[in-house]
There are 2 protein chains.
Amino acid sequence: MTSGSTPSPLMEASDIGLVEQAMIDIRAYIRAKRRMPGAVLPSEIALAAHSGVSRPVAREALRGLSTLRVVDIGHGRKARVAMPDASSLSVILDHTSYTGKLSIQQMLDVRRTLELRTVLLATIRRSDADATALLSVVQQMHAALEEDQNTIMKLDITFHEVIARASGNLLYSILIESFRVITRQTWGIGWRARATDDNRLGSILCHENIANAIMAQDAVRAEAAMNAHFDSAVNVLLRAGIT
Amino acid sequence: MTSGSTPSPLMEASDIGLVEQAMIDIRAYIRAKRRMPGAVLPSEIALAAHSGVSRPVAREALRGLSTLRVVDIGHGRKARVAMPDASSLSVILDHTSYTGKLSIQQMLDVRRTLELRTVLLATIRRSDADATALLSVVQQMHAALEEDQNTIMKLDITFHEVIARASGNLLYSILIESFRVITRQTWGIGWRARATDDNRLGSILCHENIANAIMAQDAVRAEAAMNAHFDSAVNVLLRAGIT
DNA sequence: AAACATCTAACTGTATGACCAAATAAAAAA
DNA sequence: TTTTTTATTTGGTCATACAGTTAGATGTTT
């Protein structure tokens, strides 16, 4: 707002660029005006004037904020405050994995830590709809055992996301959903490493155990089953040379 | 030159804009060319030509990628592949918290889940440097007990980040460091809720217990001490009306 | 007259091009 | 080796054309 009156506060520039400053201004605007997800923001021109910058700068700021899913932009309509989701974190995780600074086993360690908690929370707090949804996914996995592996992979990923959602904590959902991209890259290796049909059926029964424990609201069994599930996943990948 | 010929051989225009397509292209380029953190990317003009878009579009794509810390941009120098860090996730978490979809207690639940694991890993894997660094932080907390609370807060945050780093898993570090912004917003409330000096000293001794357990490589004691630390934090904030 | 659907016009973001300034990095000179 | 110069590259601005969205106005139907 200070920059609104004087377009060139040279000594205020410090070390960050105008775009980054505009991003800060927009975030401050959202807070100051108590704008919640879905609320519309001023137009690019108005935002630019508000920060005392040109329209392209405001555009870049909006673009940056939209990649973080802080705002939602679209052709022809004003920017709106966005609902947080996993997509941006997904890209960050993907890049972290790509750089080699995070191994698959390390990522699985984080996933296990998170999911041992979500399965416990889900067991305690689950709704009946959550339980039936979970059992339905397992049912579909059994049915898809003969079909292509892609269907089972999608069901596997969904299974864990349903549990996370049943935990009632959005942050767990976002974190666990963000692993989806990396999981897709290694899931096939684990599945192919389970050579026999018995082994593959065992993997599905593992999910069934978890679902049944959540249905029965048996916290101890649910945690144990989830632990066994991750132990199995870690070992299978290890045997395939994935460290 | 772009409008004359078909810039992209594919008909994948679908529903995403040119900027988002350019972001995908740049990420694909990094992977295809095996560019690791620190490696320079082609100039904006080259990138724009590569994706068949104008320079402003390439600029916005680079800006979006830089907010995710996938690339690192700077005035006068070419964009480089960036090392993943917590800053982008920090903004996402901040926004998630602001929208009210994530309560402070829920955030603390995630933190506790994460840190119960990092303290165990740190206890097992710590280097001598990690242990002395931890004890040094506790030492400084004692010394700063009389000074302003801001110093103690910074030391508190550093304490947890050092443990995360000692875990040897970068993802834990990124996740835990990303809580810094939100922690800053509520730490003062917890500190002021600890009215008496005895209570405040107890909080510091709590950190000392954790540090000593890590130093002694006593996993059971370390986990118990961390649990007690979070129990205390939860209760203090609860008494202050922070749900 | 009131409710509904349709259409048009104003508004807004998308994309491009050219331009200048500032900062960097590389080449040249000391 | 150090300093200076030069070329390259990004940061930022402006003007323009284009393509969607939205909302108001219009007209029709109930």
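Throughout, protein chains are lettered first and strands after them, A, B, ... in sequence-line order, and every chain is numbered starting at 1. The shown structure was predicted, so the numbers you read here are calculated from the model rather than taken from an experiment.
Atom-to-atom, CG of A:L41 to P of D:dT21 comes out at 19 Å; the value is rounded to the nearest Å. In this structure, CD1 of B:I73 is placed 22 Å from P of D:dT8, rounded to the nearest angstrom. With rounding to whole Å, A:E60 atom CD is found 15 Å from C:dT16 atom C1'. Atoms CZ (B:R80) and C1' (C:dT24) sit 10 Å apart, rounded to a whole Å. Spacing between atom CD1 of B:I45 and atom P of C:dA18 amounts to 13 Å, rounded to whole angstrom units. Across the protein-nucleic acid pair, A:L62 atom CG and C:dA15 atom P stand 14 Å apart, rounded to whole Å. The separation between B:L65 atom CG and D:dT10 atom P is 15 Å, rounded to whole Å. At whole-Å resolution of the value, CG in A:D72 and C1' in C:dT12 are 15 Å apart.
Residue contacts for B:E44: at a heavy-atom cut-off of 4.0 Å it reaches the sugar-phosphate backbone alone, with no base atom in range.
With hydrogens and angles ignored, a donor-acceptor pair closer than 3.5 Å exists between the side chain of A:R55 and the base of C:dT14.
Here the side chain of B:H75 is nearest to one of C:dG17, D:dT10, D:dT13, namely D:dT10. Side-chain proximity of B:S43 to the nucleotides D:dT13, C:dT12, D:dT10 is greatest for D:dT10. Listed candidates were D:dG11, C:dG13, D:dT13. Nearest to the side chain of A:V57 is D:dT13.
Using modelled atom types, one finds a donor on one side chain and an acceptor on the other under 3.5 Å when comparing B:T67 with A:T67.
Neither OP1 nor OP2 of D:dT10 sits under 4.0 Å from any side-chain N or O of B:R59.
Ion pairing of A:R125 with A:D130 is absent here, as no side-chain N (NZ or NE/NH1/NH2) approaches a carboxylate O to less than 4.0 Å. Salt bridge status for B:E44 with B:K78: absent, with no side-chain N to carboxylate O gap under 4.0 Å.
A cation-pi arrangement, defined by a distance under 6.0 Å to the six-membered ring centre and an angle within 45 degrees of its axis, is present between B:R31 and A:Y98.
The residue among A:P42 and B:K78 whose nearest nucleotide of DNA chain C is located toward the 5' end is A:P42.
Results of the side chain to side chain contact (heavy atoms under 4.5 Å, CB included) test with B:S167 over B:L114, B:T118, B:I176 single out B:T118 as the only residue that passes.
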